[in-house]
2 protein chains.
Amino acid sequence: MYYKSWARQGPAARGHGDCFHRLFQSTTCLPVSVTGIDKETAKVKPIATRNLHGHVIRELGRMIVSGEIKPGENLPREELLAERMSVSRTALREAMKVLSAKGLIESRQKTGTRVRETVHWNQLDADILAWRCESMPTDDFVEKLVEMREIIEPAAAAAAALRRTPEQLVAVGEAYEAMAAACGLDAWTEADLAFHEAVLHATNNELMISLFSVIETALGAYFVLSARTAANFKYSLPHHQKVYEAIRRRQPVVARQAMQKMVADSRSNIRRHRKAKA
Amino acid sequence: MYYKSWARQGPAARGHGDCFHRLFQSTTCLPVSVTGIDKETAKVKPIATRNLHGHVIRELGRMIVSGEIKPGENLPREELLAERMSVSRTALREAMKVLSAKGLIESRQKTGTRVRETVHWNQLDADILAWRCESMPTDDFVEKLVEMREIIEPAAAAAAALRRTPEQLVAVGEAYEAMAAACGLDAWTEADLAFHEAVLHATNNELMISLFSVIETALGAYFVLSARTAANFKYSLPHHQKVYEAIRRRQPVVARQAMQKMVADSRSNIRRHRKAKA
DNA sequence: GTAGGATAAAATGTACTACAAATCATGGGC
DNA sequence: GCCCATGATTTGTAGTACATTTTATCCTAC
């Protein structure tokens, strides 16, 4: 349930992949059995792969976000593009409307469909964030994600300490307990995400909650980075405990500071990993 | 150009309005000349009204966000809904895919299409924010918007002071000059929005920039509230000057404080207006 | 020769039909 | 009474045809 947008990436939905890489070449790709693809990917990834235009959204979205198709460039016209992706124009158009709503593309009659400048992209969209992470996120991007965390999460912790309901506190507490009890990295990451989501929920501000997509992506990138040195993956548990306690005791200032420290710690960890890699 | 999502509301695109209010009644509404509608609304609002499925997105989106159709409820089946809105199933489906991407609805075969719980809504989406404001935003919602401003903008001002380029500083400065020179409320609001957008841009963090939709909506709601007592609409100019100066001098702490004060001031103003109204 | 408008061409926008796929409900066989 | 098959219902996909918009071109008029 958790870890949604991150789970969207991975080796799933590769069915059309080889095909789509040649979209802009003149060589036509052979139509692939759609049923076969669905069955194959269904094992790994039963959701969001069931419908065809979901594939198209993902593939086109990834190509645009990864820079394979650059802003200002035009996409092939619908009929041609549909043929090359071996889907109907109907399905392609439904996908393009979604990408258009995300601010990635812009269609006009006669002119065609072109990729918009990155300033117009809805950068907080969960899909776009996930697509940006799919091909190993750049250090630059990770830095920006951490900066967002530094701004959002301390404020959220403070607000949660002020306004949480008893039920919301329980949710935070349960997530904390799950982190403490986690045996493997998978259980830990899931509980960690649940913890941060619970804090956001406890703010009782739905705008705040929607920012979880950013936190989720940031944590996901962090997990990937620190996956190798995962020997003591629980080292941040005390930080979480302090945040939880402060929220329980309704101490906004303490909660803010604790969360601030947690994120700062995570940031320095990332920097350390980066140096080790370089 | 600015004031986009706010401008989307207003009395535009009422063409189908009377029709759509009866979507769930058994009475069928008369089909309306589509061409006539487009021509009529084009005077007021040439953008986003050109295409038919844009209408459908807005109308359905508004009905859902306003609570006219509640989470858990099912929409009429596509064929029926298309007929009642006097559009083709094709156009309706393209609109529904967009609403689905915004997290408002969820479609499954045989089951039909149902409105999702509000936690799944992409609350930061510019359209959703605008729709929530269309029918006089609730005090509760305005409060949440201000809270977001209090979190985002001081941090953005600090980051801008640290990382702005000369060009970005010029943009902030020009917006400030426009505010100082503004004669009417319209010119002021436009310049004000430009100022806050320029500050976000100066952070050089595109995730930050995407949060402009929230700031925009918050400021828009504020302008509407304070429109009556607009005698001295320039009273916040000194606040803006302080922010600008701090960004110019690369003083992040000062910039943060100045922005903090500006937003706090705006918040207390809103409370005053609310009391006066009550 | 240039300006202007009519016209054609090319892309997306919309409508309609037909069928496929998924899923829930119903009913029959055991 | 349970299980499986079968049908019904709704969304999903394909394909065709035409409308609309906008650019480019050409042709005429001055």
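Phosphate contact (OP1/OP2 of D:dT10, side-chain N/O of B:Arg108, threshold under 4.0 Å): absent. Look at A:His53 and you'll find a side-chain N or O under 4.0 angstrom from OP1 or OP2 of D:dT13. For D:dT13, the OP1/OP2 oxygens have no side-chain nitrogen or oxygen of A:Ser88 closer than 4.0 Å.
For A:Thr138, the side-chain contact (heavy atoms from CB on, under 4.5 Å) partners are A:Asp140, A:Phe141, not counting sequence neighbours. Contacts of A:Ile215 classified as side-chain contact (heavy atoms from CB on, under 4.5 Å), with partners at least two apart in sequence or in another chain: A:Arg149, A:Ile152, A:Glu153, A:His196, A:Leu200, A:Phe212, A:Leu219. By the salt bridge (charged side-chain N to carboxylate O under 4.0 Å, His left out) test, A:Glu206 pairs with B:Arg132, B:Lys144, sequence neighbours left out. Here A:Asp125 pairs with A:Lys102 under the salt bridge (charged side-chain N to carboxylate O under 4.0 Å, His left out) rule; sequence neighbours left out. Residues forming a ring pair (Phe, Tyr, Trp, His ring centres under 6.0 Å) with B:Trp121 (at least two apart in sequence, or on another chain): none. Applying the side-chain contact (heavy atoms from CB on, under 4.5 Å) test to A:Gln109 and every residue at least two apart in sequence or in another chain returns nothing. Taking the side-chain contact (heavy atoms from CB on, under 4.5 Å) definition, one finds that A:Ser210 meets it with B:Gln123, B:Leu124, sequence neighbours left out. Evaluation of the side chain to side chain donor-acceptor pair (under 3.5 Å) rule for B:Thr118 yields no partner, not counting sequence neighbours.
What separates CZ of A:Arg93 from P of C:dT12 is a distance of 8 Å, to the nearest Å.
Against DNA chain C, the stretch residues 111-118 of chain A makes heavy-atom approaches under 4.0 Å through A:Gly112, A:Thr113. Annotation: proximity of residues 94-104 of chain A to DNA chain C (heavy atom, distance under 4.0 Å) is found for A:Lys97, numbered in ascending order.
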Can you pull every protein N or O that's under 3.5 Å from an N or O on nucleotides 17-20 of chain C?
none

All N/O donor-acceptor pairs, side-chain side in residues 87-97 of chain A, below 3.5 Å, sequence neighbours left out:
unit_1	atom_1	unit_2	atom_2	d
A:Ser88	OG	A:Thr90	N	3.4
A:Ser88	OG	A:Ala91	N	3.2
A:Arg89	NE	A:Glu78	OE1	2.7
A:Arg89	NH2	A:Glu78	OE1	2.8
A:Arg93	NE	B:Glu94	OE2	2.9
A:Arg93	NH1	A:Glu78	OE1	3.4
A:Arg93	NH1	A:Glu78	OE2	2.9
A:Arg93	NH2	B:Glu94	OE1	3.3
A:Arg93	NH2	B:Glu94	OE2	3.3
A:Glu94	OE1	B:Arg93	NH2	3.3
A:Glu94	OE2	B:Arg93	NE	2.9
A:Glu94	OE2	B:Arg93	NH2	3.4

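A donor-acceptor pair under 3.5 Å is absent between the side-chain atoms of B:His120 and the main chain of B:Arg116, judged by distance alone.
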